[in-house]
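Each remark here refers to the structure printed beneath this line.
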There are 2 protein chains.
Amino acid sequence: MVSTISAARERVQAAAERLFAERGYKAVTLRDIAQELGIRQASLYYHFPGGKEELYVTVTERGLQAHREGLEQAIAGAGESLEAGLRAVLQWFASHPPVDLARMLLADFPAISEEHRKRLTELALDCLVRPIENFLQGARKRGEGGAVDTRFAALAILSAAEAIHANARLTGKEPSELVETALPVLLKGLAGS
Amino acid sequence: MVSTISAARERVQAAAERLFAERGYKAVTLRDIAQELGIRQASLYYHFPGGKEELYVTVTERGLQAHREGLEQAIAGAGESLEAGLRAVLQWFASHPPVDLARMLLADFPAISEEHRKRLTELALDCLVRPIENFLQGARKRGEGGAVDTRFAALAILSAAEAIHANARLTGKEPSELVETALPVLLKGLAGS
DNA sequence: ACTTCTACTGAACGGCCAGTCACACTATAC
DNA sequence: GTATAGTGTGACTGGCCGTTCAGTAGAAGT
């Protein structure tokens with residue numbers, strides 16, 4: 001089976017994706033997911049015979065790949081400048097639920113089987129870090145951006161995206177507003193221009 | 001009782017602090033903590049009659065306050081410049097286990113009682129964000145630093161510290177080395193000088 | 001000598017969890 | 001009208017969880 005396009009299965013995935021992203025693997029029970037959908041927990045096994053882990057792996061994979069595609073399109077559609085690309089990346093993350101990469105790597109992935117863990121770990125780097133790193137390297141080739149470590153810079157941008165969400169929760173502002181607050185800090189640094 | 005200075009209790013706290021910080025509240029069981037100490041799980045209730053939650057709240061509180069003191073001393077001992085203070089802050093975080101603030105706020109705290117949750121939430125901001133914010137405001141008054149939003153900048157620095165740990169895990173380098181990689185990015189931004 | 005305190009144990013409790021399975025209810029297809 | 005496939009249910013199991021509690025062994029106090 002390549003991919004069943006059942007509407008019911010799709011609904012299960014959507015609910016699971018939201019809950020897992022919010023609370024993490026261990027803190028979400030199958031009963032939580034079922035309740036959200038108005039069905040019994042046993043029914044989830046019809047759509048995902050592999051149980052909780054299969055469900056988690058499926059939606060996490062899908063979510064990560066959606067981030068890769070979204071990031072690549074956002075960057076591609078943003079024009080040439082470092083600032084425009086960076087704004088597009090931050091706007092992408094600001095308009096989606098926060099991705100807690102540290103929690104994934106430290107808490108969620110260790111709770112699943114090793115083969116799944118390894119695949120998801122690689123995928124996470126591939127989908128979240130690499131698109132940003134590629135963008136930064138491209139910008140440097142075009143003469144923009146200093147001689148910073150692009151790997152660290154990519155992780156810093158990811159972290160800044162999480163800082164935007166944290167700040168939004170603390171202040172009640174919209175994440176997308178805060179992108180314009182974050183941009184000058186990332187571009188020109190704390191020392192200002 | 002103000003504070004029992006039992007060595008055994010201290011050992012329990014140390015083990016619990018390490019495990020909770022690594023994996024989060026839900027993912028750590030009392031049996032994990034007891035095993036680490038070579039004792040039975042029931043024995044933990046001798047030192048912490050309040051059970052898992054009391055243990056978690058106690059060590060989290062202690063850990064947060066240690067961060068506040070460490071940060072304030074690091075900043076105070078670093079000299080006047082923005083760069084020196086920032087280096088001290090990053091070095092402090094680099095030489096301690098990573099603090100996953102997002103996981104705390106989103107996954108750990110919602111699992112404990114509301115009164116504890118509220119107190120720990122305030123404490124987390126007070127111990128992690130505020131010292132950095134105060135430092136940035138002081139630097140600005142002395143004429144250093146641009147007109148950036150200090151609340152966001154403080155969260156960005158915290159996030160950068162987590163990015164340092166993430167990078168260390170990915171590359172195998174020591175976190176304290178990576179501080180010098182992170183500093184120019186934070187000070188001068190991605191655009192370079 | 002006895003009591004008291006500290007540190008810990010073993011066994012059990014109820015509760016929630018993931019997972020299993022036989023069964024029921026639709027619809028549409030033949 | 002009957003077969004068939006998609007979707008969901010109720011009742012259950014075994015296991016791990018946090019928690020409780022009576023009990024113990026040794027050290028310290030009196």
request  = Figure out the CD/C1' separation between A:Gln41 and C:dC21, and round it to whole Å.
outcome  = 13 Å
query = Less than 4.0 Å between a side-chain N and a carboxylate O, is that true for A:Asp100 and B:Arg103?
reply = no
query = A:Tyr46 has an atom OH; how far is it from atom C1' of C:dA24, in whole Å?
reply = 14 Å
ask   = For A:Leu30 and C:dT20, what is the distance between atoms CG and P respectively, to the nearest whole Å?
value = 11 Å
query = Of the nucleotides C:dG19, D:dT7, D:dA11, which has the atom closest to the A:Ala42 side chain?
reply = D:dA11
message = I need the CG-C1' distance between A:Leu44 and D:dT9, as an integer number of Å.
response = 12 Å
query = Does a salt bridge link B:Glu122 with B:Lys118, judged by any charged N lying under 4.0 Å from a carboxylate O?
reply = no
task = Select one nucleotide: of C:dG19, D:dG18, C:dT6, the one nearest the side-chain heavy atoms of A:Lys52.
result = C:dG19
task = Would you confirm whether the ring centroid of B:His67 sits within less than 6.0 angstrom of the ring centroid of B:Phe93?
result = yes
ask   = Rounded to the Å, how far apart are B:Glu53 CD and D:dC17 P?
value = 18 Å
key: Side chain of B:Ile39 (C-beta onward), nearest among D:dG18, C:dT20, C:dC8   = C:dC8
query = Heavy atoms under 4.0 Å, any strand shown: does A:Val28 hit a base, just sugar-phosphate, or nothing?
reply = sugar-phosphate
query = Hey, is the side chain of B:Ser6 poking within less than 4.0 Å of OP1 or OP2 on C:dA7, counting only N and O atoms?
reply = yes
key: Rounded interatomic separation in angstrom, taking CZ from A:Arg31 and P from C:dG15   = 14 Å
ask   = Do the side-chain N or O atoms of A:Tyr45 get closer than 4.0 angstrom to the phosphate oxygens (OP1, OP2) of C:dG19?
value = yes
key: Protein-nucleotide distance (A:Leu55, atom CG; C:dG19, atom C1'), rounded to Å   = 14 Å
inquiry  = Assess whether a salt bridge exists between B:Glu80 and B:Lys141, defined as any Lys/Arg side-chain N lying under 4.0 Å from an Asp/Glu carboxylate O.
reply    = no
Ionic contact status for B:Lys26 with B:Asp108, cut-off 4.0 Å = no
ask   = If you check the A:Ser43 side chain, which of D:dG8, C:dG19, C:dT9 turns out closest?
value = D:dG8
request  = Look at B:His47 and C:dT6 and indicate whether a side-chain polar atom (N or O) is within less than 4.0 Å of OP1 or OP2.
outcome  = no
query = Once you round it to whole Å, what is the distance between P of D:dC16 and NZ of B:Lys26?
reply = 18 Å
